[in-house]
Amino acid sequence: MSEININLSEYLKSTVYPGRGIIIGQSNDSKNIVAAYFIMGRSENSRNRIFEKTADGIRTKAFDESKLTDPSLVIYSPIRRYQNHFIITNGDQTDTIYAYLANGEDFADALYTRTFEPDPPILTPRISGKITVFGGLFNYTLSILKSDGGNENHTLRAFFGYETPESGKGHFIHTYKHNADVPPSFEGEPKKIDIPDSIEEFSGTIWNSLNNDFKVSLYVAYIGKHTREIKEEKIINKNERF
């Protein structure tokens, strides 16, 4: 059975609060690997953040340090690079995956040491992605670790591997199905979406489709398949210093 291709803009607008989201795929001209990550927030602590660049990726940072109450689940490195791997996650499992790769172990092994976030009653899923680039080719894996219907004693672990990425297509996974007092976790397979050649077009589609009350930051990168280098990248922060 073939995957259903969704309209990303319509989907984001209808979902209202997808939470945190990861997109990985390939530009329509087949020249670039495309990666995107966004965060949203409902609490002041979650909204009080920006993305900033680091030596090997990006990190979250408090916009106003005086208002930061609990950094444990909001301050982390969403994106890091290790050799020919690009890691994207919604938490400090980025560092776990990095350490495992550096030790010659794999993505799944790293995530089997982790579980969903300790934030009852929500129990936010941990979503993660890894891109591996080799010889002008690439593959990617997406993962979600979530509770079994809110049961803190049971972790569900799902991994989705994409070995022959399709031009102009990608896959999108996020933490919550929709907005609610206790938002339910994402269900099913990652959503298949269209990816254009233009980083401006793609980042604009994502950012302008996220609910304005909840959106916080967005990062998008276009990575050359042959060079393994980031050709273009864009950070959009709702909190900006002027």
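- Using a 4.0 Å cut-off between charged side-chain N and carboxylate O, Asp106 and Lys130 make no salt bridge.
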Are Val74 and Thr60 close enough, and set up right, to give a side-chain contact (heavy atoms from CB on, under 4.5 Å), and what steps lead you there?
CA-CA 7 Å; Val74 297; Thr60 62; 5.8 Å; no
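- The closest side-chain donor-acceptor pair between Asp70 and Ser72 falls under 3.5 angstrom.
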Where do Ile144 and Ile173 land on the side-chain contact (heavy atoms from CB on, under 4.5 Å) test, with the steps shown first?
CA-CA 8 Å; Ile144 184 167; Ile173 194 168; 3.9 Å; yes
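- Pro184 is not listed as a side-chain neighbour of Tyr176, based on a closest heavy-atom distance of 4.5 Å or more.
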For Arg42 and Asn179, run side chain to side chain donor-acceptor pair (under 3.5 Å): C-alpha distance rounded to whole Å, both residues' side-chain angles, the deciding distance at 0.1 Å, then the answer.
CA-CA 10 Å; Arg42 298 190 301 179; Asn179 193 26; 2.9 Å; yes
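- A pairwise comparison of heavy atoms in Glu152 and Pro120 identifies OE2-CB, 3.9 Å as the closest pair.
- Separating the OG1 atom in Thr54 from the NZ atom in Lys61 is a distance of 12.5 Å, to the nearest 0.5 Å.
- For the residue pair Ser128 and Thr89, no side-chain donor N or O sits within less than 3.5 Å of a side-chain acceptor on the partner.
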Side chain to side chain donor-acceptor pair (under 3.5 Å) assessment of Thr94 paired with Arg80
CA-CA 7 Å; Thr94 304; Arg80 295 189 67 187; over 6 Å; no
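- Using cut-offs of 30° and 60° for the angle between ring planes, the Tyr112 and Phe159 rings count as parallel.
- Between Ile4 and Lys192 the shortest heavy-atom distance is O-CB, 3.7 Å.
- Inter-residue side-chain proximity for Ile33 and Val133 is flagged as met; some heavy-atom pair is nearer than 4.5 Å.
- If you take CD1 on Ile193 and CD1 on Ile206, they are separated by 6.5 Å, rounding to the nearest 0.5 Å.
- Both tests do not hold together for Arg126 against Phe116: distance to the six-membered ring centre under 6.0 Å, angle to the ring axis within 45°.
- Using a 4.0 Å cut-off between a side-chain N of Lys or Arg and a carboxylate O of Asp or Glu, Asp56 and Arg81 do not qualify as a salt bridge.
- Counting non-hydrogen atoms of other residues, nucleotides and ligands closer than 6.0 Å to CD of Glu44 gives a total of 12 or fewer.
- By the criterion of side-chain heavy atoms lying less than 4.5 angstrom apart, applied directly or through intervening Ile, Leu, Val, Met, Phe, Trp or Tyr residues, Leu218 is grouped together with Ile127 in one hydrophobic cluster.
- Between Phe186 and Pro125, the closest side-chain pair of non-hydrogen atoms is not below 4.5 Å.
- Comment: Glu3 does not engage Lys191 in a salt bridge, judged by the lack of any side-chain N to carboxylate O separation of less than 4.0 angstrom.
- Aromatic pair His171/Phe160: centroids not less than 6.0 angstrom apart.
- A 4.5 Å side-chain heavy-atom check between Leu145 and Leu111 finds at least one atom pair inside the cut-off.
- Residues Thr15 and His178 bring no donor and acceptor atom of their side chains to less than 3.5 Å of each other.
- Note that the CG atom of Leu123 and the NZ atom of Lys146 stand 12.5 Å from one another [nearest 0.5 Å].
- Atom CD of Glu189 is surrounded by 12 or fewer heavy atoms from other residues, nucleotides or ligands within 6.0 Å.
- Taking both residues in full, the closest heavy atoms of Trp207 and Val216 are given as CH2-O, 3.5 Å, listed atom of the first, atom of the second, then distance.
- With rounding to the nearest 0.5 Å, the separation of OH in Tyr76 from CG in Asp92 is 10.0 Å.
- With a 4.5 Å cut-off on side-chain heavy atoms, Ile235 and Val220 do not count as touching.
- Residues Asp197 and Tyr222 share a closest heavy-atom pair of O-CE2, 3.2 Å.
- No side-chain N or O of Ser9 forms a donor-acceptor pair with one of Asn7 less than 3.5 Å apart.
- Between Lys13 and Tyr11, the closest side-chain pair of non-hydrogen atoms is not below 4.5 Å.
- You'll find the ring centres of His174 and Tyr17 outside the 6.0 Å limit.
- Contact detail for Leu73 and Pro118: the closest heavy-atom pair is CD2-CD, 4.1 Å.
- Side-chain contact of Arg49 with Asn237: a donor-acceptor pair under 3.5 Å is absent, judged by distance alone.
- Contact of the Phe86 side chain with the Ile223 side chain is registered, since non-hydrogen atoms from C-beta on lie closer than 4.5 Å.
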Are Phe38 and Ser217 close enough, and set up right, to give a side-chain contact (heavy atoms from CB on, under 4.5 Å), and what steps lead you there?
CA-CA 6 Å; Phe38 66 78; Ser217 295; over 6 Å; no
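- With values rounded to the nearest 0.5 angstrom, Thr155 atom OG1 is found 9.0 Å from Asn151 atom CG.
- Side-chain contact, Thr175 with Arg20: no donor N or O sits under 3.5 Å from an acceptor N or O.
- A side chain to side chain donor-acceptor pair (under 3.5 Å) with Gln26 is found for one member of Lys169, Lys31, Lys225 and no other, namely Lys225.
- The line from OG of Ser203 to CD of Glu233 is 12.0 Å long, rounded to the nearest 0.5 Å.
- The ring of Tyr219 has its center no closer than 6.0 angstrom to the ring center of Tyr37.
- Proximity of Leu12 to Pro18: side-chain heavy atoms (C-beta onward) are separated by under 4.5 Å at one or more points.
- Hydrophobic clustering keeps Leu142 apart from Leu156 (ILVMFWY residues linked when any side-chain heavy atoms are closer than 4.5 Å, directly or through intermediates).
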